[in-house]
Each structure stands twice: as structure tokens, then as C-alpha cells.
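What follows is a short report on a single structure.
Here the structure is a predicted model, which means the values were calculated and not measured.
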Amino acid sequence: MRYSTQTPTTLAFAPTPGSPSSSSTSPFFYNKPKQPLPSPPPLDLLLPPLFPLPSATNVEPNVLLALSQFPPSDNSFFIFQRVWRALADELETTLMECVVQGIIETQHVEALEILLQGLCGVHKERLRIHELCLKSGPNLGHVASEVRVLCDLEQPDPTWMVRHIGGAMRGSGADQLSVLVRAMVESKVSKNVLRLFYALGYKLDHELLRVGFAFHFQRGASITVTVSSVNKMLKLHATDEAVPVTPGIQLVEVTALASSENYTEVAAAVSSFCEYLAPLLHLSKPGTSTGVVSTAAAAAASLMSDAGVTT
């Protein structure tokens, strides 16, 4: 998974009535009433809570306002389209993501960290990501979609983000690339975002806890390398009781943000960097698993020896 060093766009679910941005052209408002809008109904009547909040003052009022504009009979997909369209309108270009994945045995992760430290020249960032995968219900159209709500619990002041990953690029040009190129939209959100998606008809499919580290650096493109153990919850939201999905194996992901104008250059930069990791692991497009490489043990031993680390 990828965590960009760039500041993501903050998703504003609806403008405040009377503000300059609350015009009739706003994607959230149709048949906008001329009279002032009534106060939104109490939170508990609108949305079933997932995480209990200390008080209603911690809830973004614009989220409730956006929902209160639409009668219960309206199609939730109509609202969802406008939420993401508003976010896309705030971005100057369509974001794309170049990504490759691989796996490595946990016993060789320290050697990989040494290699990455030398290649990147920056300090690692520790990660403890709580990830919830939400899938659409039948009221959101015939084609199923999913969004991921993420929170890095390692940060002093954890914030929530929502990410929607689009389809991968197709065609002869995409086949010639060694990395997967796909559309991607992400945004910071308030912590009651799950209530919004539940109200739109999304359901919690599964949740994960990813524990590991990441390197963010510039090497022909802004690249992020994430190494993490993927853990599942034995109980709902019980991050402290998470257990590894694949004990002894960790996921390695190399990602870079791109646009429709420069994705070929970014894909080339990612491919070039991945060649340096080849002795320890093989990185390929997501969904194309090649397993661990036979040279990993020897390469790891050599790296540990050169670094003066005894095992």
C-alpha cells in the first residue's frame, strides 16, 4: 500500500450555506431551496454509529448537512458520485498510481531494510495502519465498488483517510509496462466518515492491521517503499488482538504517484529502482505472485555481513 508524502486534498462534503462556494452549481445541491435550510436531524437518527464519539461536537457538521439535503428515497449512488466528483474537481490533474508488489520472508526483512537505507538515503517511517475495506451494496449500481478507510495509529495525532482505487490501465501500452498503472483518489476525512459510507449503502467487508515501515524518497519520481506484516482482526476493530494472515511472510510494495501526462516516466523510474531489490525479492504487478526468490538467503547474508550485523 502507498502513503504519499504529499499533502492530500481534504474532502469537503458540502459547503456551508451562505458561503461563496455554496452556489447552485455545487455538485452537492440540486433543486436548492431558496429558504434557509433547516438544522440537520440528530446524528443518532441519521446514521448508525460504528465508533462511539465522545460528543456530537466532534462530528463535522457539513457531513450531516450534505446528507440532510437528500430525501431517503433518493438514490445513494447519486450522492456518492457527487462526493467523488467534487474531490476530483479540486485536483488539477487526474492522479494515477504506479505500483508493484512482492513478498519476503520475515527473517530477511532486516537485510532489506539495510539495503533500502543505503539506496534511499533517508530514515524509515514506522507504520501501524488500521485499514477498513468497504464494499458497495445493490443500491449503488450493478458494478460493485470498494473504498478503503485508513488510519495510521503510529502517528502522534492519527487522522483518517479514504482511498478509492480505480481500474488498471489496459491495452498494448499497459502490457509493455512492468508496473501496474491505475487511477487513484484519496483524501483526508473526519473520523465519522464510516457513518457516511454506511448511510450511502456501503458495508464493512473486512479490516486489516498493517505493521511495518516505509521509505519515502525521490529517485526519478516520488517513490514510496512499504514493508509490512498484514494482520487480521479476531474481533471487530480489535487492533491489539490482530494476528498475521501469513506468518513469516511480509508484503513489500513500491508505489509512485503519477498523472496521465507523465506515467510512462514514473513507471520507468519505479522499474529501474526495483532492479536493485532483485537479489532479495521479485516485484511484479499486483495479482501476479511469484513467491520468494531462491537468492534471498544468500543476498541477505551478504548484506548483513557488509553492514557488520551478526546473526
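Hydrophobic clustering, defined by side-chain heavy atoms of Ile, Leu, Val, Met, Phe, Trp and Tyr closer than 4.5 Å, groups L153 together with L209, V211, M233. Chaining together hydrophobic side chains whose heavy atoms lie under 4.5 Å apart places V292 alongside I103, I249. The other residues sharing a hydrophobic cluster with L234 are V243, where clustering joins ILVMFWY side chains under 4.5 Å apart.
Put simply, the side chain of D306 does not reach to within 4.5 Å of the side chain of I114, judged on heavy atoms. Side-chain contact between Q155 and E125 is present, with at least one heavy-atom pair separated by less than 4.5 Å. Looking at heavy atoms from C-beta onward, H237 lies in side-chain contact with L132 at the 4.5 angstrom threshold. The side-chain heavy atoms of P286 and V99, taken from C-beta on, include a pair separated by under 4.5 Å.
Evaluation of the side chain to side chain contact (heavy atoms under 4.5 Å, CB included) rule for H282 yields S284, T290, V293 as partners, not counting sequence neighbours. Scanning for salt bridge (Lys or Arg N to Asp or Glu O under 4.0 Å) contacts around K124 gives E113, with sequence neighbours left out. Considering only residues two or more places apart in sequence or on other chains, S178 meets the side chain to side chain donor-acceptor pair (under 3.5 Å) condition with S271.
Looking at V149, L150, V230 one by one, the single match for side chain to side chain contact (heavy atoms under 4.5 Å, CB included) with E131 turns out to be L150.
Under a 3.5 Å cut-off, the side chain of R219 and the backbone N or O of L119 do form a donor-acceptor pair. Judged purely by atom type and a 3.5 angstrom limit, E207 has no side-chain atom pairing as donor or acceptor with the backbone of H130.
To the nearest 0.5 Å, the span separating OG1 on T255 from CE on M184 amounts to 8.0 Å. If you take CE on M169 and SG on C98, they are separated by 8.0 Å, rounding to the nearest 0.5 Å. The distance from atom CG of N262 to atom CE of M96, rounded to the nearest 0.5 Å, is 9.5 Å. The NZ atom of K135 sits 11.0 Å away from atom CG of L204, with the distance rounded to the nearest 0.5 Å. Rounding to the nearest 0.5 Å places CG of L208 at 10.5 Å from NZ of K232. Interatomic distance, N231 CG to T239 OG1, rounded to the nearest 0.5 Å: 10.5 Å.
Residues Q250 and S229 share a closest heavy-atom pair of OE1-N, 3.5 Å. Closest heavy-atom contact between G166 and R182: O-CB, 4.0 Å. Closest non-hydrogen pair, T226 versus A214, comes out as OG1-CB, 3.9 Å. The two residues C274 and L283 have their closest heavy-atom pair at SG-CD1, 3.5 Å. In plain terms, the two heavy atoms of T295 and A278 that are nearest each other are OG1-O, 4.3 Å. A pairwise comparison of heavy atoms in A300 and L280 identifies N-CD2, 3.7 Å as the closest pair.
Classified by interplanar angle (parallel below 30°, tilted 30° to 60°, perpendicular above 60°), the ring pair F213/F215 is perpendicular. Relative orientation of the Y202 and F197 rings is perpendicular, given thresholds of 30° and 60° on the angle between their planes.
Cluster annotation: V266 and L180 are assigned to distinct hydrophobic clusters (Ile/Leu/Val/Met/Phe/Trp/Tyr, side-chain heavy-atom contacts under 4.5 Å, transitive).
By the 4.0 Å N-to-carboxylate-O rule, D240 lies close enough to R128 to be salt-bridged with it.
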Is there a side chain to side chain contact (heavy atoms under 4.5 Å, CB included) between T224 and H216? Walk through the geometry before answering. CA-CA 5 Å; T224 296; H216 307 282; 2.9 Å; yes
Please step through side chain to side chain contact (heavy atoms under 4.5 Å, CB included) for the pair N192 and W160, ending with a clear verdict. CA-CA 9 Å; N192 63 326; W160 288 92; over 6 Å; no
Run the side chain to side chain contact (heavy atoms under 4.5 Å, CB included) test on F273 and V100 for me, step by step, so that the C-alpha distance in whole Å, both residues' side-chain angles and the decisive distance to 0.1 Å come before the verdict. CA-CA 11 Å; F273 174 78; V100 289; over 6 Å; no
